[in-house]
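In what follows, a single structure is set out as C-alpha cells and then discussed.
When a ligand or atom number is given, it counts from 1 through the structure's own listing order. Numbers here are sequence positions counted from 1. Quick caveat: nothing in here was measured; it's all calculated off a predicted structure.
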Amino acid sequence: MQYISTRDSSQTPFSFCDILLAGLAADGGLYLPVEYPVLNDAQLTKWRSVLEQEGYHALAAEVLELFVDDIPKNDLKGICARAYNTPKFAHEDIVPVSQLEEGIFIAHLSEGPTAAFKDMAMQLLGELFEYELERRQDTLTIVGATSGDTGSSAEYAMRGRDGIRVFMLTPKDRMTPFQQAQMFGLDDPNIFNIALDGMFDDCQDVVKAISADADFKREHRIGAVNSINWARLMAQVVYYISTWIRTTDSNDEKVSFCVPTGNFGDICAGHIARQMGLPIDRLIVATNENDVLDEFFKTGDYRVRSSADTFVTSSPSMDISRASNFERFVFDALGRDADRVSELFGEKVKTGGFDLSADDVFPTLADRYGFMSGKSTHADRVQTIRDCSEKNGVLIDPHTADGVKVARDVRHQVDTPIVCLETALPVKFAETINEAIGKDPEIPSRFAEIMDADRFVVDMPNDAEAVKKYIAENATV
Ligand SMILES: *Cc1c(COP(=O)(O)O)cnc(C)c1O
C-alpha cells in the first residue's frame, strides 16, 4: 500500500514506514492510502473467528497487513501482540462492548495504561516506532505539548524504549490531579516532564519554535506524535471492526457509531472503516460547546475559531478551534481533489474557514458517507452522567457523556443500534463527576497507588531557548 498527501496533485507515492516517522507531509497535507482496501464478505467472516479465537491483537495484525507492505507479516503479528495484551490493557477483550440501554451500546476504549482512548493508537505507535528505528539504526526525540490525555498516553507508550526520548510540556498546575499524577509519576530515564510557567497555548508555541529551528530539529532528531499521524488512524480502524463484530451476529447487520470528537481523529477512522466496506450505517459526530464540526455537518460552513473564541469546557480533550483530521474527510468528499484541498486547508482555513453549503457535494454527505451530528453542553453532560448513573447504573466520563447525549437525541432518526465510543474513564475527570453525582469516582485498582507516588517533573520558564538547552543536555544521540 502506498500513501499520498491530501495536498499533492501529482500524487507522489510514499511507503508506510516513510510516512510513519514523517507525520505531516512536506506540503502541509496529511497522508492517506492511495486507495482504501475493500473488505468482502469472506474476509469479514474470517475476521469474526480470528477475533473470537485468537483475540484483538490477531485481528489488528490482519487489518494492518492491508495497509502495511514494508513490514513482514510475522513482525506485524509480534508488534500487535506486544501492543494489545493484558495486563497492558485491563480487559482481555481489549475493547469490550456493553449495552447501555435499548438500542445504545458502549465500546470501551479506555482499558489501556492511561485510561483514555488515545492508548489504542499510541500503544501501537510505540511498538512501530521502536521497530522501525531499530531497523534504521536511528533515534527519535519526541517533543510535545499536552493539556492532558495525549501526553500521558504518549509517555506510557514510549517509556523504556530504545532510541526514543520524550520531552512533554504541560501548563503548570493546569491538568487534573489524576492526569498530573499519571504523567509525573513516571521515572523512566527516557521520559522528561516539563511544567511550563504558562498556558497550554504557550506550551504549543514553544514546541512550534523548537520545530521551526531546522538545525536543532535535525541534530536532535526531533519528531512528534500528534493526532494527524496516519498510523494512529490505522490503529483506530481496528476497534471499529472489532466492535462491529461484537455487536452483530451476521454480516448483513449494520451498526451506527456515535463519537465524541474535536479533532475529527476518532471518527475519521470510522469514516475509513466505512469506506472499506465495513457495514456501518451512520457516523454521528458529537461535539461539546466547541461545535465547529456540528456546524459544518448541519450547514456546510466550516468556521474555525480563534483561540480566544475556543471555550474551556468540562470535556477538555474536545476543546479545539479547528479539526486537524477533518482535511482527510474533505479530501475524500471532494473526490480527492488535492488542488481544492490545498486551497481550502492551506489558505482559507488560515483566514477563518470555508463554506461548502452551495457545493454539489454538501447535500450528499449524509447519504454517501453516513454523517450526522449533534452537540452537548456542560449542563447536558452533567445531566447525562447523572442519568446514566441513576437509571443505567453506569458511570461515564464527561467526553463519553457528550456522545451518549447526542446518541439519545438522534436515536429515533437512526434505524440501527448506536454504539457510543467511550473515550476516557471517569477517574480522570473527578471534578465534573462529583458535580453530577455528588461524590468522586472510584479509583480503579490498577491506578490505586499513583496518587501517592513520587513526582518527576522540572519547572521551566516560558522560554523556548531554555527548553532547547534542556533538550540538548538530555538528548544525547
Ligand atoms: C483526544 C480525546 C477526544 C477527542 O479525540 P479526537 O481526536 O478529537 O476525535 C475525546 N475524548 C477524550 C477523552 C480524548 O482524550
Side-chain angles (χ1 to χ4, degrees), residues 30 106-123 125 144-157 170 175-176 178-179 182-183 200 225-237 239-240 257-273 283-294 296-297 304 310 313-329 371 373 375-376 381 384-385 396-406 420-433 441:
L30 309 184
I106 295 183
H108 300 269
L109 303 179
S110 315
E111 301 293 320
T114 72
F117 99 95
K118 294 193 171 63
D119 291 334
M120 295 307 306
M122 217 62 95
Q123 286 296 318
L125 209 60
T146 187
S147 57
D149 295 333
T150 309
S152 53
S153 184
E155 290 188 351
Y156 278 75
T170 60
M175 294 191 298
T176 72
F178 184 85
Q179 286 174 321
Q182 224 175 16
M183 281 184 69
F200 175 57
V225 288
N226 39 28
S227 72
I228 50 87
N229 184 294
W230 161 256
R232 284 179 63 177
L233 281 187
M234 177 182 74
Q236 292 168 195
V237 168
Y239 58 69
Y240 280 90
F257 286 90
C258 184
V259 187
T261 192
N263 252 325
F264 207 76
D266 201 353
I267 200 158
C268 191
H271 162 67
I272 292 162
L283 287 167
I284 305 154
V285 171
T287 72
N288 64 16
E289 290 88 335
N290 297 295
D291 57 355
V292 192
L293 289 168
D294 181 40
F296 172 78
F297 283 104
V304 301
T310 305
T313 76
S314 48
S315 47
S317 298
M318 291 152 63
D319 291 348
I320 57 93
S321 47
R322 65 176 67 174
S324 36
N325 270 293
F326 187 52
E327 179 168 340
R328 288 188 159 108
F329 169 67
F371 275 97
S373 71
K375 100 181 229 192
S376 160
R381 77 186 65 95
T384 305
I385 293 168
I396 55 176
D397 100 291
H399 305 78
T400 310
D402 288 333
V404 170
K405 142 84 183 155
V406 170
C420 296
L421 297 187
E422 170 207 81
T423 56
L425 291 189
V427 67
K428 298 195 92 167
F429 303 97
E431 200 182 317
T432 306
I433 300 297

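At a threshold of 4.0 Å, the pair E289-R381 counts as salt-bridged, since one of the basic side-chain nitrogens sits closer than that to a carboxylate oxygen.
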Ligand 1 polar-atom proximity to protein (N/O, under 3.5 Å):
| residue | atom | partner | partner atom | Å |
| --- | --- | --- | --- | --- |
| ligand 1 | 7 (O) | G265 | N | 3.4 |
| ligand 1 | 8 (O) | T261 | OG1 | 3.4 |
| ligand 1 | 8 (O) | G262 | N | 2.9 |
| ligand 1 | 8 (O) | N263 | N | 2.6 |
| ligand 1 | 9 (O) | T261 | OG1 | 2.7 |
| ligand 1 | 9 (O) | G265 | N | 3.3 |
| ligand 1 | 9 (O) | D266 | N | 3.0 |
| ligand 1 | 11 (N) | T423 | OG1 | 2.8 |
| ligand 1 | 15 (O) | K118 | NZ | 2.5 |
| ligand 1 | 15 (O) | D149 | OD2 | 2.5 |

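Applying the side chain to side chain donor-acceptor pair (under 3.5 Å) criterion to D319, with sequence neighbours excluded, gives N288, N290, T313. Under the ring pair (Phe, Tyr, Trp, His ring centres under 6.0 Å) criterion, F429 pairs with H399, sequence neighbours left out. For Y240, the ring pair (Phe, Tyr, Trp, His ring centres under 6.0 Å) partners at least two apart in sequence or on another chain are F257.
Below 30°, between 30° and 60°, or above 60°: for Y239 and F117 the angle between ring planes is above 60°, a perpendicular geometry.
Just one residue in the list V285, N325, D294, D402 forms a side-chain contact (heavy atoms from CB on, under 4.5 Å) with T261, and that residue is V285.
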